Structure formats: structure tokens, C-alpha cells
Protein chains: 2
Amino acid sequence: MQARSGATVQAIHEAAIQVLLTGGLALFTTTRVAERAGVSVGTLYQYFPNKQALLFAILLRHFEQIAEAIEAIPGDGKPIAAIAEDIADAYISVKLARPDATTALYRVAGAIDQFRMSADVLKRLEAAVVRLLTNAADASFRQAEKTAFTLLSSLAGLSRGSFGKLAVADDALDGLGAEARLLSAAYLRAAADA
Amino acid sequence: MQARSGATVQAIHEAAIQVLLTGGLALFTTTRVAERAGVSVGTLYQYFPNKQALLFAILLRHFEQIAEAIEAIPGDGKPIAAIAEDIADAYISVKLARPDATTALYRVAGAIDQFRMSADVLKRLEAAVVRLLTNAADASFRQAEKTAFTLLSSLAGLSRGSFGKLAVADDALDGLGAEARLLSAAYLRAAADA
DNA sequence: TACCGAACTGAAGGATCCTTCAGGTATATT
DNA sequence: AATATACCTGAAGGATCCTTCAGTTCGGTA
């Protein structure tokens, strides 16, 4: 009995991403999403109180996936260089796993007050990085929170930039992983206490 | 005779930023912008063919300001460390000069197909950075374009993240300049040919 | 089979919004 | 002062869109 509804939510979720991908925010319509999901608008509203909530839900889930990926990194005292690459890999791998979803979500980001609505997930993300920094074998961080924030923000920027460029250059994603590792390692080395 | 219209365009421009700042994209309405600018909707449509064009215009101008700031950096062979800090300073200073405008524009970014609509300015930005990298006294860059892109993207991410955090933390901008310099210098050092 | 609740449908209400255009007002020129 | 030109006004047309809800279908149960 739950099977039906579960599949429906999943379908709506997926349809939302597709609609976002094809038409952007401007054509992101509850009716259109429902249609694409193969259900009626009424059904959509049975699972999401309003349009914003739907938008927020898919954004939230994406952040959670990134958080999970970073939390899954073993925390035993590895050298900072290794940690840096692990974080970069975790971050980028989630983005690359669903390039379409990633692209779609970058279009929503502006419309939603990201920090006010998903401050918890962002904190969780930051905490996951802080934990890794703190456990580094060969370095310590006086301002681990700030360092984690800068690292995550810059990785986000690089990712966003690369996916954005995809619209005009097919090879925009080439070497993204390598650049992310380079950036991550360089910054963490520099941010560590001398 | 041109004075009137010039002031009007300027007023609309400014009003657009304010409206964006108060209500976000959802409440960004041609009528509202016109009202805030102290003119009628008809006047707005005399200078901008449609809503998107207005949005695009303010986004474009912002990018141009950043490009100008980076192009203004002297290109004589300075060490890479100095160049890195110059770039970071130029970038961040534009953002900090009008924090409200910056915040407002980050909300538009998603709605507009950034790369398709302003590819020229972005290329110009990238070229300005490439020029500086090429003229560095103590380093050479095999892939100057890619390095410039990564640098700019990561700076954008850090800036965006910090301004976004402003909604929940008043001191989010503290130390932004220092972090940007640290990030920029660390990455460029690492990206330079060994 | 008859019944019940969960899940789903989709037309319609109510609210904006974008854009146009016929007409008004200010400034400059002759 | 009269005329031409540049600017500006704002009501209204036309198009969506979000959201609701009375009614229908489906899966399981007695």
C-alpha cells in the first residue's frame, strides 16, 4: 500500500529534475512536473505542500548526498595531502554521478534562500570536513571551521563553474577531478598552521 | 534631453537591485521595479525589451566591473605570489564595494543561463587573468586558461558562499579578503609548472 | 463479494504577471 | 508662441500559474 506512494514521490522527484533541466526555473511548473511524472497535479500536492517545498526537497537531498560522501571518508590520522584529495574526490564524485541533476540544481540555488533553508545540512557538511581536518596526522588547524567553509565554498565554485560551462563547451568537465584535488591540497596545505 | 533618460535608466537599474534584494526572484516584477524606480512600467519597457533583458543587464554590468578591476592590475613581471593576491583583492573588492548588489545578483545567477548569455564577459575575465599568469616573473603555466578558470571559479565560490552565509551570520564577510588571498596564492603556486 | 481507507484525478477559482499602446507632459528649437 | 521631439503614463489584454477539493479508482480485508 506504501509501494504506490513511494514510487510516486520518487517519480515526482525525478520529474522535477528533468523539468528543471529542460526549461529552467521559468518553466518549472507544478503541472508540468506532475505531467512528466505521470501523475496529476493533485497527487503532487499530496506529497509536497507547495512548489517551494518541492524545490527545497530536491536541493536538500543533493546536499545530503554530499554530506554522506564526506562523512564516509575514514577519519584515522592520514596526512593532510591525502585528506585533501579524499574530500575533493568525495565532493566531485557526487556531482559527476548525476551530471543532469547537478546542472538542474545549480539553477535552483539562486531562487531559494540556500542558507536560511538548509543551514542544517550545510553545518553538517562543514562538521564532516572539520572532523577530517582535526584528525590530520601532520597538521593542525587553528580555525578549522573557517578553513572547512572556504574549502567547501571554493570546491562548490569550481564545480558550479565547470557545470555551467558545459552549456557552451562539451569538455568542460574534463580534468575537473584533478583540478579539484589540486585546489583542495594546495589550499589545505597553506591553511594549516605553519 | 539625454539627462532625463540617463537618470531613468540608472534609477531602474538601481531599483532592480533593491527589489531583488528585498523579495528575491519571486517578487521581481517589472511593475515593482518601475514603482521603486519612480517611473511607470511603460518607461521601463522603453529601455529594456523585456524582464530578462533587465536581469541580464545588471548581471552583465557586474561582471564587467570585475573584469575592469582585474584588467587594471599592472602586468609587469611580478612574482606569482603577488599576482595571486592582486587578483584576489581585485575580485573581492568589487564584491565588497556593493554588498547589497552582490547579494542580489547571486540570486539571479541561477535564473539566467549565465554561460550562454555572458560568455563574452567571462572570456574577457579569463583572458585578463591569463595575461597576468603569462607575465609572472617566477613561474610559467602550461595550461593558463584552465588555471585561470579554476582560480576564478573558486574565488566566485568563496565569495558566493560568504555572501550567502550573510543571511544567517552577520560576520560572514570577516576575513573574506584574507581567505581569498590565501586560496589564490596557494592554488597558483601549486598550479605553476614545477 | 462487499466494504474501507489510501491514493489519485483534473477542472476551476483566484491571483499575478508581462507586455502593449493610445495618449499625455516636458524640453528644446524656430 | 508654436511646433517638434523626446519621455513618460497606466489601464487593460492575454497568458500562465498555484492551489484546492469533490469525486473516482485501487488494493487489501472481513
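Per chain, numbering begins at 1; letters A, B, ... match sequence-line order. Just so it is clear, the model here is predicted, and its values are computed rather than measured.
Put simply, CG on B:Leu55 is 11 Å from P on C:dC18, counting in whole angstrom units. Here the P atom of nucleotide C:dA7 and the CD1 atom of A:Ile12 are 12 Å apart, to the nearest Å. A straight line from CD of A:Gln46 to P of D:dA22 spans 15 Å, rounded to a whole angstrom.
Counted by atom type alone, B:Tyr106 and B:Ser159 present one or more donor-acceptor pairs between their side chains at under 3.5 Å.
Contact between B:Gly75 and B:Arg131 at its shortest, heavy atoms only, is CA-NH1, 3.5 Å. Shortest non-hydrogen contact noted between B:Ala148 and B:Val129 is CB-CG1, 3.5 Å.
Among the nucleotides C:dT9, D:dC8, D:dT19, the one closest to the side chain of A:Asn50 is D:dT19. Looking at the side chain of A:Lys51, the nearest of the listed nucleotides D:dT19, D:dC8, C:dT19 is D:dT19. The side chain of B:Tyr47 approaches D:dC8 more closely than any other nucleotide in the set D:dC8, C:dG10, C:dA7.
Contact check, A:Thr8 against C:dC8: a side-chain N or O comes under 4.0 Å of OP1 or OP2. Not one side-chain nitrogen or oxygen of B:Ser40 sits closer than 4.0 Å to the OP1 or OP2 atom of D:dG10.
In the region residues 21-39 of chain B, proximity to DNA chain C at under 4.0 angstrom, judged on heavy atoms, holds for B:Phe28, B:Thr29, B:Thr30, B:Arg32.
The neighbour count for A:Asp170 CG, taken as heavy atoms of other residues, nucleotides or ligands under 6.0 Å away, does not exceed 12.
Side-chain atoms of B:Tyr187 and A:Glu179, non-hydrogen and from C-beta on, do get closer than 4.5 Å to each other.
Nearest-nucleotide assignment on DNA chain D puts the 5′-proximal partner with B:Thr43, out of A:Gly42 and B:Thr43. Nearest-nucleotide positions on DNA chain D place B:Leu44 closer to the 5' end than the other of A:Tyr45 and B:Leu44.
B:Val130 and B:Leu125 are members of different hydrophobic clusters when ILVMFWY side chains are connected at heavy-atom separations under 4.5 Å.
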